Amino acid sequence: MATGLLTKGAKLLYKKAEQYVEITDLQSFPSLGGQADKQEVTTLADAAHRYIKGLIEYGELQFKFLYDNASETSNYRVCKGLDAAGTTEWKVQLPDNTTFEFTGESSTAIDEGAVNAPLTFTMTIALNSDIKVTNPV
């Protein structure tokens, strides 16, 4: 019987020189499943609507981070650099070593601020590939 798994230890990584590098201080990640569009294939002979699966829609993937811009290797500067780099290879790694790999272009923006709230930013990735899931061994 499964006991469950916390998100503690989940990571977002990007490929740099054939090696994956973690972007620190990740606070949340999006749904990674996608949903197939439905396409209507009803004919005039049918008594009810009929559908088939269409293309999978992953949407934009939004990753939220605790803001750090103290040095050249800080998460905000790394993400802004990746925005300028164009298409990047990404990997989300869960604590049980399940991985989700994809490619896409990122866009980073500071989140809305409020009184007595931590400063955060969101990196949005527009996918240009499928999401490949690898289960732990």
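Keep in mind that this is a model prediction, so the values were computed, not measured.
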**Request:** Evaluate the criterion side-chain contact (heavy atoms from CB on, under 4.5 Å) for residue pair L12 and F65; output intermediate values, then yes/no.
**Result:** CA-CA 10 Å; L12 175 64; F65 295 88; 3.8 Å; yes
**Asked** Q39 and D37: side-chain contact (heavy atoms from CB on, under 4.5 Å), yes or no, with the steps?
**Response** CA-CA 7 Å; Q39 300 299 315; D37 291 331; 3.7 Å; yes
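For the atom pair CG of N69 and CG of N75, the computed distance is 8.5 Å after rounding to the nearest 0.5 Å. If you take CD1 on I125 and CG on L127, they are separated by 7.5 Å, rounding to the nearest 0.5 Å. Here the CZ atom belonging to R77 is positioned 6.0 Å from the OG atom belonging to S71, to the nearest 0.5 angstrom. Distance check: Q27 CD to L66 CG gives 5.0 Å after rounding to the nearest 0.5 Å.
Two residues are said to be in side-chain contact when any heavy atoms from C-beta on lie closer than 4.5 Å; T3 and M1 fail this criterion. Side chains of L13 and W90 form no contact here, defined as non-hydrogen atoms less than 4.5 Å apart. The shortest side-chain heavy-atom distance between T88 and S106 does not fall under the 4.5 Å cut-off. Taking 4.5 Å as the limit, some side-chain heavy atom of T87 sits within range of a side-chain heavy atom of N128. Using a 4.5 Å cut-off on side-chain heavy atoms (C-beta onward), E89 and Y20 make contact. You'll find the side chain of P95 stays beyond 4.5 Å of the side chain of T7, heavy atoms only. Counting heavy atoms from C-beta outward, K38 and I52 have side chains that stay 4.5 Å or more apart. Counting heavy atoms from C-beta on, the side chains of F63 and V92 come closer than 4.5 Å.
With hydrogens and angles ignored, the 3.5 Å screen pairs no side-chain donor or acceptor of T98 with any backbone N or O of L94. Using a distance-only test at 3.5 Å, with no hydrogens or angles considered, no donor-acceptor pair links the side chain of E40 to the main chain of T42. Panel note: side chain S129, backbone T103; a donor-acceptor pair is recorded below 3.5 Å. With hydrogens and angles ignored, the 3.5 Å screen pairs no side-chain donor or acceptor of D68 with any backbone N or O of S74.
Nearest heavy-atom pair, C79 versus M123, reported as atom, atom and distance to 0.1 Å: SG-SD, 3.8 Å. The two residues I110 and L119 make their nearest non-hydrogen contact at CG2-CD1, 3.9 Å. Taking every heavy atom of both residues into account, T43 and R50 meet most closely at CG2-NH2, 4.1 Å. Across all non-hydrogen atoms, the minimal contact from F29 to A10 is CE2-CB, 3.8 Å. Closest approach of I131 to L32, counting heavy atoms only: CD1-O, 3.8 Å. Heavy-atom minimum distance, D130 versus F102: O-CB, 3.7 Å.
Residues D111 and T120 have side chains that bring a donor and an acceptor to within less than 3.5 angstrom of each other.
Enclosure of atom CD in E72 is not indicated, since only 12 or fewer non-hydrogen atoms of other residues, nucleotides or ligands lie within 6.0 angstrom. Within 6.0 Å of NZ in K91 there are more than 12 heavy atoms belonging to other residues, nucleotides or ligands. Counted within 6.0 Å of CD on Q35, heavy atoms from surrounding residues, nucleotides or ligands total 12 or fewer; the atom is thus considered open.
Under a hydrophobic clustering in which Ile, Leu, Val, Met, Phe, Trp and Tyr are joined whenever their side-chain heavy atoms come within less than 4.5 Å, directly or via other members, F100 and I56 fall into the same cluster. Hydrophobic cluster membership differs between L5 and L26, with clusters built from Ile, Leu, Val, Met, Phe, Trp and Tyr side chains linked at under 4.5 angstrom.
Residues F121 and Y76 place their aromatic rings such that the two centres sit under 6.0 Å apart.
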